[in-house]
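Here's the structure we're looking at; comments come further down.
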Amino acid sequence: MMKPEDLRSHRWFGGDELRNFSHRARSRQLGFNPEEHLGKPVIGILNTWSDINPCHMHLRERAEQVKRGVWQAGGFPLEFPVATLSETYQKPTPMLYRNLLAMETEEILRSYPIDGAVLMGGCDKSTPALLMGAASAGLPSIFVPAGPMLKGHWRDETLGSGTDMWKYWDDKRAGLIGDAELSELERGLARSPGTCMTMGTASTMTSAAEVLGMTLPGAASIPAVDSAHHRMAAASGARVVDMVWENLTISQVLDKRAYSDAITTVLALGGSTNAVIHLIAMAGRSQIPLSIEDFDAIARQVPVLANVRPGGDFLMEDFYYAGGLPGLLSRLTDLLHTDRVTVTGKTLGELLASARVHNDDVIRTRENPVAAEGGVAVLRGNLAPSGAVIKHIAAEPHLLTHTGPAVVFDNYSDLKKRINDPELGITEDSVLVLRGSGPLGGPGMPEYGMLPIPDHLLAKGVRDMVRISDARMSGTSYGACVLHVAPESFVGGPLALVRDGDLITLDVPARRLHLEVDDAELDARRARWEPPSPPFERGYGSLYAKHITQADEGCDFDFLAKAGANPEPDAR
């Protein structure tokens, strides 16, 4: 057990040198008495709340509950406002800024007198960003998920954010509903604070954080407005104080077994394809090699058990009451490393010993899965030498083996301008191709991958087509969308060489993505290809462009993913 003089914050407050005197004097300036903080673990609460992030609009209040827990456990809480990554509003995509929040997290934890950290987030990119930064900083840390919002409602229908937005927007374009219905949908789709209540990227990544061992058990699926969420926040604050005294650091929790279990869980949830990029980046911060091939290998052994939209029927509120993530994991124990430690100080196996499933339709049994294999497949071929992914459980089955002529769009603006052009001759057999949307080309790899189906096909009842891009797509999206094609077109990947009319073969069972053009012709096209101009000439965007890695490597900055120690600051 740690002693007060062993605390990291003691270097700031506990000595008898000039700087220690100054630090104590300034804490009096802040209004704190000596007995409130001296000799106690200082807990940094990193809060991603903001006025423009509806997923996190309740985190200002939750921070107070975290503080309550810290005080009750004998710690000293300090709240730090950090960058908010709002999927709803930030353009071109918060993915452009994931690494910026990760850098901020790491440097705040390193540079201030902090002994342990509470990480508060949940909206898609905030979870991996906070965990990446904390992993690099190495302090005892616990994650508090923002929690999913309540179910949406429209007339007699239950709505899922994102998933039903796409569905009804297509119905509007097809002329099946009008402005009045759309106005009603607008008012009923998002009814409370919290993240998307589908198994989108937010709940996928907070569930990953839970199985990694970084949250209290069951934390990821508690609805944001449920009183259990208040209690979880307070309990997390209390627990991190004990973690400091126990010197239970993040590196003891995030080992190779934890990341393997996170992949297993994401696949069993039918989770977001974005998890592939984020988990690779997170593992890199823990200096643990992880690749897209790990996802494909594990996917062949893991059934999808979570019957949650977009790959199923229910929503996160139902998942919570059915037993939440502990319930689902209790049906996968033979596929998990149950002997590893979590932030609770207990092993995963100890935490799952009392877990139960209360609704076998929401969380299926192994004998009655939603799908026999995990929901993500990794594709390779001459169109994706470094790989691509598809969430095949969310696609129409007849499209999983398909050959069709390409219709190519150079960027998202081009797509929006021409997708309904009758001169393109798009049919339901066409393969829509979007390039210029990867990590560099996007910039930031926006969620453009669920390419819109032309209006004339929607009117005929077509709701899915094969679509290929170097972009990502929202975890709430669905369809036969091939994503994360690497290397991206912006750096001269094969996607840059595709022309209208080229035949493309998608074969998910064979894990193949092939451009039916011979090598000589591709070499000739490559010789004529000219790289586009960089999108940024200065600022953070310029730094991003110089150091971002490709999708198959996690889209981290190369200088952050590398091994090596940074010196602790001299606080005296």
Side-chain angles (χ1 to χ4, degrees), residues 43-49 55-56 58-59 62-63 65-66 69-70 77 79-80 82-85 98 101-102 104-106 108-109 114 116-148 194-195 201-222 224 228-229 231-244 248-255 258-259 261-262 265-266 275 278-279 281-283 285-286 324-326 340-345 348 351:
I43 304 302
I45 302 170
L46 275 60
N47 192 349
T48 53
W49 170 90
C55 302
H56 296 179
H58 57 305
L59 292 188
R62 290 299 174 276
Q65 282 123 26
V66 172
V70 173
E79 186 176 356
F80 292 80
V82 294
T84 190
L85 305 182
R98 184 199 67 183
L101 175 55
E104 183 181 21
T105 299
E106 177 180 354
I108 282 179
L109 296 182
I114 295 173
V118 178
L119 314 168
M120 303 185 68
C123 189
D124 297 12
K125 315 305 178 293
S126 61
T127 299
L130 290 165
L131 291 173
M132 288 162 67
S136 294
L139 302 182
S141 303
I142 195 168
F143 186 76
V144 172
T195 59
T201 304
S203 284
T204 299
M205 293 312 302
T206 55
S207 296
E210 181 174 333
V211 74
L212 283 167
M214 288 302 302
T215 78
L216 296 183
S221 58
I222 303 172
H229 201 268
R231 299 192 297 272
M232 177 271 294
S236 298
R239 175 56 197 155
V240 77
V241 175
D242 291 339
M243 289 175 65
V244 172
L248 179 55
T249 62
I250 193 168
S251 63
Q252 295 170 259
V253 177
L254 297 182
D255 61 14
Y259 286 106
D261 289 350
T265 301
V266 165
H278 295 319
L279 285 173
M282 291 160 63
R285 294 302 188 93
S286 299
L325 194 68
R340 58 184 178 82
V341 73
T342 70
V343 292
T344 65
L348 180 63
L351 298 179

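Keep in mind it's a predicted model, so treat the numbers as computed, not measured. We count residues from 1, following the sequence as given.
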Check whether Tyr259 reaches the backbone of Met282 with its side chain - one donor and one acceptor, N or O, closer than 3.5 Å. yes

Donor-acceptor check, side chain of Thr48 to backbone of Met120, threshold 3.5 angstrom: yes or no? yes

Considering all heavy atoms of both residues, which atom of Gln65 and which atom of Ala233 are nearest to each other, and what is their separation? CB-CB, 4.1 Å

With a 4.5 Å limit on heavy-atom distance, are the side chains of Val343 and Glu210 in contact? no

Spacing of Leu109 atom CG and Ser136 atom OG [to the nearest 0.5 Å]: 10.0 Å

Look only at the side chain of Arg340 and the backbone of Leu212, and say whether a donor-acceptor pair between them is shorter than 3.5 Å. yes

Go through it in stages, so that I can follow the logic: the residues are Val144 and Leu216, the test is side-chain contact (heavy atoms from CB on, under 4.5 Å), and I'd like the CA-CA distance, side-chain angles, deciding distance and then a yes or no. CA-CA 8 Å; Val144 172; Leu216 296 183; over 6 Å; no

Grab the two heavy atoms, one from Met232 and one from Ala219, that are nearest each other, plus how far apart they are. CG-CB, 3.8 Å

For a 4.5 angstrom cut-off between non-hydrogen side-chain atoms, does Thr84 reach His56? yes

Closest approach of Val240 to Pro140 (non-hydrogen atoms, all atoms of both residues): CG2-O, 4.1 Å

Residue pair Arg98, Asp124: steps toward the salt bridge (Lys or Arg N to Asp or Glu O under 4.0 Å) verdict: CA-CA 10 Å; Arg98 184 199 67 183; Asp124 297 12; over 6 Å; no

Could you tell me whether the side chain of Glu104 and the main chain of Ala83 form a donor-acceptor pair under 3.5 Å? yes

Quick one: does Phe143's side chain get under 4.5 Å of Pro145's, heavy atoms only? yes

side-chain contact (heavy atoms from CB on, under 4.5 Å) evaluation trace for Val266 with Leu279: CA-CA 10 Å; Val266 165; Leu279 285 173; 4.1 Å; yes

Quick one: closest heavy-atom pair of Thr342 and Leu248, and the distance? O-CD2, 3.6 Å

Any side-chain heavy atom of Thr215 sitting closer than 4.5 Å to one from Ile142? no

Which atoms form the tightest heavy-atom contact between Ala129 and Leu85, and what is the distance? CB-CD1, 4.5 Å

Arg62 side chain to Ala224 backbone, donor-acceptor under 3.5 Å: yes

Between His229 (side chain) and Ala146 (backbone), is there a donor-acceptor pair under 3.5 Å? yes

Would a 4.5 Å heavy-atom cut-off, applied to side chains only, mark Val82 and Ile108 as touching? yes

So which heavy atom on Thr127 is nearest to which on Met205, and how close? CG2-O, 3.6 Å

Keeping the roles fixed (side chain from Asn47, backbone from Glu79), state whether a donor-acceptor pair exists under 3.5 Å. no

Would you say that Ile250 contacts Leu139 through its side chain, given a criterion of any heavy-atom pair below 4.5 Å between the two side chains? no

Any Asp261 side-chain heavy atom under 4.5 Å of Leu348 side chain: yes

Taking the side chain as C-beta and beyond, is there a heavy-atom pair between Leu119 and Leu131 under 4.5 Å? yes

Check the pair Ser286 / Leu254 against side-chain contact (heavy atoms from CB on, under 4.5 Å), numbers first and verdict last. CA-CA 7 Å; Ser286 299; Leu254 297 182; 3.8 Å; yes

